[in-house]
Number of protein chains: 2
Amino acid sequence: MKPENIKVACSNCNLRELCMPVGLAPGELQRIDDLVATRRKVKRRETLFRNGEPFTSLYAIRTGVFKTRVASEDGRDQVTGFQMAGEIIGLDGIVNDQHTCDAVALEDSEVCVMPFDRIEELSREVTALQRHVHQIMSREIVREHGVMLLLGSMRAEERLAAFLLNLVQRLHARGFSRSELVLRMTREEIGSYLGLKLETVSRTLSKFAAEGMVEVEQRNVRIVDPDALRRIVNSPGC
Amino acid sequence: MKPENIKVACSNCNLRELCMPVGLAPGELQRIDDLVATRRKVKRRETLFRNGEPFTSLYAIRTGVFKTRVASEDGRDQVTGFQMAGEIIGLDGIVNDQHTCDAVALEDSEVCVMPFDRIEELSREVTALQRHVHQIMSREIVREHGVMLLLGSMRAEERLAAFLLNLVQRLHARGFSRSELVLRMTREEIGSYLGLKLETVSRTLSKFAAEGMVEVEQRNVRIVDPDALRRIVNSPGC
DNA sequence: CGCACGGTTGACCTGTATCAAGCCGGGTGG
DNA sequence: CCACCCGGCTTGATACAGGTCAACCGTGCG
C-alpha cells in the first residue's frame, strides 16, 4: 500500500488539537475524519489557490509554511499573513465563492483539503465543530485587527520586534525552540507583511543584532533577549 | 403600546436584505424573527461593548454609525473600521468569549441584539442562515485584507481617496447620494483608521479640494470628480 | 564554475510626523 | 442676546523615519 492510499484520519493526527475542536465524543471524532477529502502537496513557490479561483475548500496545513497575499489593480501586493502547521487557510473565499488572495508555499508543504460544503453539513450536526469553525474565523478577524494596529501605529523597530516575537511564539507552540527560528520567507516578504521595504527590514535586523537582542545569520535567527524585544513593542513609541 | 414594545421583526424590517439572508422560505423567515432578542439604543460617544467584556451577542446596526477600535498595552489605539446600517459588529468576541475591541457610537444609534447562541442554534436548522453567518465573517476577513493593503502599501493621498470612495459607495448602497456625504467621524478618527495623523488627513483633503476633486465644508463632502479619485487609488504610486 | 537571487550597507531624498499658531462654529453661561 | 470658550480643524515651518538608489557581497543552485 502506497503512502498516499493510507486512510486520512484526523482522529490520529498529531496536529488535531491545533486544527480541530477538542473534547469530541468518540462518535463525533469518527465523523470528523470524513471532513478531509484528500491531502495535497504543494511545492515551494507553487500556489495552493489564487485570487479569482473558485472556492471549494478550506485547507489545514499539515507541514510547511505558506504566505497569503492580496494584490491591487496596479501591480502592488501585500502579504496578509504567514501560516504554519495546524492553521487553516482559504476563509477569504467563502463570501463570494471565489478566492480573493493567493496562497503560496514558502517551502514544500502538505495540506488537508476540507470541502467546505462538507464542513457546513457536518457542523450542523456536530455543535463542537460549528463552534470551532466560528472560532477559527473570529480568530482570524482578531489577528487582522492586530496587524492593522501594527501597520497603522507602530514604527519599523516595533513592527519587526512584534513580528519576531509572534513567529517564535507560534513555533514554540508547535514544539520548536522558544529562542531559535528559521525564517522561511525573504526580507522582501517580511517587509511586505510589515509595510516596510526590504532594506528597512535588513537594517532593523542588523540594528537588533548590533544591540545584542538577536543573532542573525542568513535566515537563522536567535532571540537572545526577548524581553528587550517586548520592551520595544510596548514602548510608547509615538 | 409604547414603541419599545412593538414586536421586533426582521421579516418586515427594511434593512433585512442588508443583514439577513435572502431567499428564505416563509417558515424560515418567521424563525429568523426570533433571532433579535431586543433592540438597544446607544448614544453618541457611548460604547456598545468594550474590550474585555464578555461576549454574548452580535449586533446588527439599525440606525447610526459606529467605529471599532483596538488598543495596545501602551496607550496607542487604532480604529479598525466604521460601521453603518445593516452591518454586523461583535464578531471579534466569538473566539475567546470576550470582546477584543471597543465599539463606539459616532452618533445616536440603535442596534438589534442577536444572542450568539441563538444564532448558532438556528443556523444548525436553517442552512441559509448558516451560510449567511459564514459569509459575514468571511466578508469581514476580506475587508480587513483590503485595509492591510491600504495601510501597508499606499501613500496618504491614495489612502484617503480609497476611504472616501468606499464610504460614498456604501452610503449609496443605502439609498444616499453617490456624490455627497457627511463624515460622522473626526479627522483624527479618519487618521487613526488610515494610519495617518489628523494634520495629514486635513492637508490631503485640502489638496483634493484645491484640485477640484472634492468640495469640503466641515464634515460635508461632495465628490466632484470620482474618476480622479479612482485614478489616485490605482496609480502605480510606489 | 558562474550566475542570479537574496541580503547588507551607504548616501541621499521625500513624505509624513511633529510642533506651533491661529481660525471657525456651536454651545453655554452671564 | 452676546461674549466667551472649547473642540475640531487648517495651515505653516521644521524634523526625521523610512524610502530610494546604488554598489557590493555571499551562497547555493543549475
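Just so it is clear: chains get the letters A, B, ... in the order the sequence lines come, proteins before strands, and each one is counted from 1.
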Query - Short side-chain N/O contact from A/Arg219 to OP1 or OP2 of C/dG6, under 4.0 Å - result: no
Report summary line: Sequence neighbours excluded, the answer for salt bridge (Lys or Arg N to Asp or Glu O under 4.0 Å) partners of B/Glu46 is none
**Report entry** Gap between atoms NZ and C1', on B/Lys207 and D/dT10 respectively (whole Å)
**Finding:** 17 Å
Report task. Using atom CZ of A/Arg44 as one end and atom C1' of C/dC5 as the other, report the distance to the nearest whole Å. Result -> 11 Å
Query raised in the report: How many Å lie between CZ on A/Phe208 and P on C/dT8, as a whole number?
Result: 13 Å
Query raised in the report: Is the distance between the ring centroids of B/Phe82 and B/Phe66 under 6.0 Å?
Result: no
For nucleotides 9-15 of chain C, which of its nitrogen or oxygen atoms have a protein nitrogen or oxygen under 3.5 Å away, and what is each distance?
from   : atom 1 : to       : atom 2 : distance (Å)
C/dT9  : OP2    : A/Ser206 : OG     : 2.6
C/dG10 : N7     : A/Arg203 : NH1    : 2.9
C/dG10 : O6     : A/Arg203 : NH2    : 3.1
C/dA11 : N6     : A/Arg203 : NH2    : 3.3

Query raised in the report: Between A/Glu217 and A/Arg222, is there a salt bridge with N-O shorter than 4.0 Å?
Result: no
N/O-N/O pairs, protein side and nucleotides 22-28 of chain C side, under 3.5 Å:
none

**Report entry** side-chain contact (heavy atoms from CB on, under 4.5 Å) partner of A/Leu205, the single match among A/Ile190, A/Val216, A/Thr200
**Finding:** A/Val216
Query raised in the report: Regarding A/Gln78 and B/His145, is there a side-chain donor-to-acceptor distance under 3.5 Å anywhere?
Result: no
Report summary line: To the nearest angstrom, the CD-C1' distance between A/Glu188 and C/dC5 comes to 11 Å
Report task. Please report, rounded to the nearest Å, how far the C1' atom of D/dA17 is from the CE atom of A/Met154. Result -> 16 Å
Query raised in the report: What is the distance, rounded to the nearest whole Å, between atom CG of B/Leu160 and atom P of D/dT10?
Result: 11 Å
Report summary line: When every non-hydrogen atom of B/Met114 is compared with those of B/Ile88, the smallest separation belongs to CE-CD1, 3.9 Å
**Report entry** Minimum side-chain heavy-atom gap B/Phe208-B/Ile232 below 4.5 Å
**Finding:** yes
Requested in this report: Report the distance from atom NZ of B/Lys197 to atom P of D/dT10, rounded to the nearest whole Å.
Outcome: 17 Å
**Report entry** Exercise: identify the closest heavy-atom pair between B/Leu167 and B/Leu183
**Finding:** CD2-CD2, 3.8 Å
**Report entry** D/dG8 OP1/OP2 closer than 4.0 Å to side-chain N/O of B/Arg187
**Finding:** no
Query raised in the report: How many Å lie between CG on A/Leu194 and C1' on D/dG18, as a whole number?
Result: 13 Å
Requested in this report: Select base, sugar-phosphate, or nothing to describe what A/Gly195 touches, counting heavy atoms under 4.0 Å on all strands.
Outcome: sugar-phosphate
Query - A/Arg69 bridged to A/Asp102 by N-O distance under 4.0 Å - result: yes
Query raised in the report: Which part of the nucleic acid does B/Arg159 contact within heavy-atom distance under 4.0 Å: base, sugar-phosphate only, or nothing?
Result: nothing
Report summary line: Per atom distances to the B/Thr186 side chain, the nearest of C/dT16, D/dG8, C/dT18 is D/dG8
